[in-house]
Amino acid sequence: MRAPLSSPACLQHAQLVVALVALARPASAQAQPWPFELDPSVATDPAGVQARLSELGEGVPPIPDGELEATAVAPLTLYFHHAMLEQLELAFASGPGTDEPFAQDPSTCAAHAAFSFEDPVLPGASASCQQRAATLRAAVDDEGESCLRIEFPERYVLDQPPGEAATEDLQTVEGLISIAGEVFTHIPWPAGLLPAGFVEDARRIIAKLRYQHLHDGASARLERYRAAAALLESDDGCFHQARGAALAAALRALEAELVDAQAQLDALYAAGLEQAAQERQALLAMGRQRGELPHPALSDREREQLALYLGGIYWRMRGEALLGYPESGLLRRLLYTQHPFQVIAELTGGSDGAELGRDIFIHENWGYYEWMDIGRNPGNDKFSDLVDMAKRGKRTITLAAPHLQERGYDVAPLYAGALQMGPCYFYAWERLWEPARFFQVGEDLRDPYVWFLESPTAHGEFCTGGALGVGLARALLRGTEGSAADAGSPDAGELDAGVEVERDAGAGGALDGGSGPGEGGSPPTGDDVDGGHDEPRAGLADQEREGRALRCACQGGPRGLPWLSLGLLVVVVPAARRRAPRQHARPDA
């Protein structure tokens, strides 16, 4: 039987204290400030790789001790967040066969699932009696699934219009889960892919996110049940006696069941509030502070889980996945990078997360197709590509890291997350693809959807976004030293990226210039999306025009400038392009 909501699988108090001690302890350096161990002598060009490593390490803080977990991918050791490494290893070992991870067998709400309305009104009854019957029918017509959505809170994703991603939904945690969750109902999941406890964790998190909606829906439904029961009790000859009695008994059962479900929901939420308060007090006891966070019943672990999966899913979507909308590459990256990572920043940092999603989007929009193949295509070998992809991850936080540091936060966790871009792609090619695995999920989705994890570059994208999400979340959740508990963010004008982006732009006009993950040089030719883009690669003139438009908008736009309007400005004006078959880097390419 499913564990009741009143008994969530939470951390025990002792585990909580231990975890927070580990969270807040001072950083100690690993052997190197990047998340892999590489002897340059194994590379085709040892001197070149050593030079790249030196560039990669410039300005990178030590990875906090215990932040990442090691795994061997011969001849290297790679480092990942524990949850990400667990997910990668489960992907490698998953199957054969498929699972239905969110199967629903009601227990708390079994009476609601089995209930069917039998009209109790007598044949030939008066219009007044017919009206009473209609009132009864409305009372038990539980179109909102008030009980079942407490027991299975993920059911709300079925309300999401297929193939759509409204901008307002991209700006909330619930909306982000709904958009991706609706698509996931169409994917057969390999057996053993999801970590133990994933479904229970997801249901608990969604119930906390939607607590007020679920609680209010149950209260409104209970009022209807009670009104319907009173109507049956006051019957003056309108209803069939046996059917009326059966309906009255059913209403009592439904009411009792919904009262119990609502009580479990309330207990879950109260336990979440208590745990979150303990976590914050433990942080304060260690001399660190942070402001109030949205969705106060979420634990720090749950916030990290959201950062991992939402970061991974939407970073993959920005590279073209799950939804066919929009076809334009730049608009897609704008929608699926800026909004989700802003949500992660605010979910884990409150007001101190302001503008960080924008910062990440600006420096995400820059090419790395030359290195994403991890040595498969002609050019540098896989060790050189590993380092260059890690440098590309470092480039992603060019604006976010200093802005976070200005607000008093330790950015070491953010760097540890961003630099995992190199290990993510290396693991994807060497473990999840050929010759080892050929792992795929959602590779054959059809309109209005597109593939999900259909290639090693897709796996690298998911891993990259998840690692970056966790890195950002951990940096913010650890709070600051010596700051006011809710100091808020600096003035928006101080955070405007326009001057920095303009200064960083190279002569070719790319958004942040550079010939590779290092600084300086000319922008790479070709489109700036990894994983085989679906559009013709834009020339330098197109990149220059788009870059100028974006820089102007960042510099001159008001703080509330809708990013969707910006996307329309820079990419929708050109003629629409037809989708072409996606090409992936392969060893024989």
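Worth saying up front: this structure is predicted, and the values here are computed from it rather than measured.
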Notebook entry, point to check: Are the side chains of Leu176 and Pro340 in touch, meaning some heavy atoms are under 4.5 Å apart?
Noted result: yes
Item checked: Sequence-distant partners of Glu430, salt bridge (Lys or Arg N to Asp or Glu O under 4.0 Å), two or more places apart ->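 If we apply the salt bridge (Lys or Arg N to Asp or Glu O under 4.0 Å) test to Glu430, skipping adjacent residues, the hits are Arg376, Lys382.
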Check: Hey, does the side chain of Gln342 reach the backbone of Gly353 with a donor-acceptor pair shorter than 3.5 angstrom?
Finding: yes
Note to self: Do Tyr314 and Ile179 make a side-chain contact, defined as non-hydrogen atoms from C-beta onward lying under 4.5 Å apart?
What the structure shows: yes
Notebook entry, point to check: Rounded to the nearest 0.5 Å, how far apart are CG of Leu419 and OG1 of Thr464?
Noted result: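 Rounded to the nearest 0.5 Å, the CG-OG1 separation comes to 11.0 Å.
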Checklist line | Between Arg437 and Ser94: side-chain donor-acceptor atoms closer than 3.5 Å | finding: yes
Next item on the list: Go through the steps to decide whether His459 and Trp429 satisfy the test side chain to side chain contact (heavy atoms under 4.5 Å, CB included), and finish with yes or no.
Entry: CA-CA 9 Å; His459 310 331; Trp429 278 103; over 6 Å; no
Note to self: Show the nearest heavy-atom pair for residues Pro62 and Ala412, with the distance to one decimal.
What the structure shows: O-CB, 3.5 Å
Check: Does Leu386 reach the side chain of Pro423, with side-chain heavy atoms less than 4.5 Å apart?
Finding: yes
Notebook entry, point to check: Which atom pair, heavy atoms only, marks the closest approach of Pro456 to Ala428?
Noted result: O-CB, 3.3 Å
Check: Are any non-hydrogen side-chain atoms of Glu69 and Phe80 less than 4.5 angstrom apart?
Finding: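 Result no, sub-4.5 Å side-chain heavy-atom pair not found.
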Next item on the list: Determine, step by step, whether Leu293 and Arg303 satisfy the side chain to side chain contact (heavy atoms under 4.5 Å, CB included) criterion, reporting the C-alpha distance in whole Å, the side-chain angles of both residues, the deciding distance to 0.1 Å, and the verdict.
Entry: CA-CA 10 Å; Leu293 301 181; Arg303 295 177 194 274; 3.8 Å; yes
Margin query: Strictly distance-based, threshold 3.5 Å: is any side-chain N or O of Gln420 a donor or acceptor partner for the main-chain N or O of Ala416?
Written below: yes
Margin query: Can you tell me how far apart OG1 (Thr480) and OH (Tyr409) are? Round to the nearest 0.5 Å.
Written below: 5.5 Å
Notebook entry, point to check: Does the distance from a Lys or Arg side-chain N to an Asp or Glu carboxylate O, for Arg301 and Asp201, drop under 4.0 Å?
Noted result: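 Looking at Asp201 together with Arg301, the answer is yes, because their closest N to O distance falls below 4.0 Å.
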Check: Heavy-atom distance under 4.5 Å between the side chains of Asp381 and Ser384, does that happen here?
Finding: yes
Notebook entry, point to check: Is the backbone N or O of Thr337 less than 3.5 Å from a side-chain atom of Glu364, with the two atoms forming a donor-acceptor pair by type?
Noted result: no
Next item on the list: Could you pull out all residues at least two apart from Arg52 that satisfy salt bridge (Lys or Arg N to Asp or Glu O under 4.0 Å)?
Entry: Asp388
Name every donor-acceptor pair, under 3.5 Å, that has one atom in a side chain of residues 84-91 and the other anywhere in the protein, sequence neighbours excluded.
unit_1 : atom_1 : unit_2 : atom_2 : d
Gln87  : OE1    : Tyr309 : OH     : 2.8
Gln87  : NE2    : Leu193 : O      : 2.8

Check: Does Leu414 reach the side chain of Leu468, with side-chain heavy atoms less than 4.5 Å apart?
Finding: yes
Checklist line | 4.5 Å side-chain heavy-atom contact, Leu476 and Leu404 | finding: yes
Next item on the list: Could you tell me whether Arg407 and Glu355 make a salt bridge, using a distance below 4.0 angstrom between a side-chain N and a carboxylate O?
Entry: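 Salt bridge: no.
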Item checked: Any donor-acceptor pair under 3.5 Å from Arg290 side chain to Arg478 backbone ->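 Side chain of Arg290 to backbone of Arg478: no pair is present.
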Note to self: Could you check whether Thr396 and Arg392, counting side-chain N and O atoms only, form a donor-acceptor pair closer than 3.5 Å?
What the structure shows: yes
Check: Side chains of His81 and Leu308: closer than 4.5 Å at any heavy-atom pair?
Finding: no
Item checked: Verdict with reasoning, Phe439 to Trp433, per ring-ring contact (aromatic ring centres under 6.0 Å, His included) -> CA-CA 6 Å; Phe439 172 75; Trp433 204 243; 9.0 Å; no
Checklist line | Shortest non-hydrogen contact between Ala475 and Pro413, atoms and distance | finding: N-CB, 3.8 Å
Next item on the list: May I have the step-by-step check of side chain to side chain contact (heavy atoms under 4.5 Å, CB included) for Arg332 and Ser328, ending in yes or no?
Entry: CA-CA 6 Å; Arg332 186 170 59 245; Ser328 165; over 6 Å; no
Next item on the list: Give a yes or no answer on whether the side chain of Arg333 reaches the backbone of Gly329 with a donor-acceptor pair at less than 3.5 Å.
Entry: yes
Notebook entry, point to check: Between Ala70 and Thr77, what is the shortest heavy-atom contact and its length?
Noted result: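 Residues Ala70 and Thr77, closest heavy atoms: CB-CG2, 3.7 Å.
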Item checked: Pair Lys391 + Glu58, salt bridge at N-O below 4.0 Å -> no
Item checked: Interatomic spacing from CG in Asp300 to CZ in Arg474 - rounded to 0.5 Å ->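 CZ of Arg474 is found 10.5 Å from CG of Asp300.
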Item checked: Test side chain to side chain contact (heavy atoms under 4.5 Å, CB included) applied to Glu481 and Gln289, step by step -> CA-CA 6 Å; Glu481 293 184 0; Gln289 303 183 59; over 6 Å; no
Next item on the list: Would you confirm whether Asn380, through its side chain, and Asp385, through its main-chain N or O, come within 3.5 Å as a donor-acceptor pair?
Entry: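 No, Asn380 side chain to Asp385 backbone: no donor-acceptor pair under 3.5 Å.
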Check: Which atom names give the shortest non-hydrogen contact between Leu453 and Phe462, and what distance separates them?
Finding: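 Reported closest heavy-atom pair: CD2-CB, 3.9 Å.
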Checklist line | Side-chain (Thr398) to main-chain (Arg395) donor-acceptor, under 3.5 angstrom | finding: yes
Item checked: Donor-acceptor pair, side chain of Arg316 and main chain of Phe452, under 3.5 angstrom -> yes
Item checked: NZ/NE/NH1/NH2 to OD/OE distance under 4.0 Å, Asp410 and Arg288 ->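 Looking at Arg288 together with Asp410, the answer is no, because their closest N to O distance does not fall below 4.0 Å.
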Note to self: Using the ring centroid of each side chain, check whether Trp315 and Tyr336 are separated by less than 6.0 Å.
What the structure shows: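 No: the rings miss the under 6.0 Å criterion.
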Margin query: Rounded to the nearest 0.5 Å, what separates atom CZ in Phe341 from atom CG in Leu356?
Written below: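 Separation between the atoms: 11.5 Å.
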Next item on the list: Could you grab the distance from atom OH of Tyr427 to atom CG of Leu76, nearest 0.5 Å is fine?
Entry: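 Output value for this atom pair is 13.5 Å.
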Check: Taking atom CG of Leu347 and atom CG of Leu310, what is their separation to the nearest 0.5 Å?
Finding: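 Reported to 0.5 Å precision, the distance equals 8.5 Å.
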Margin query: To check you understand the geometry: which heavy-atom pair defines the closest contact between Gly319 and Glu461, and what is its length?
Written below: CA-OE2, 3.6 Å
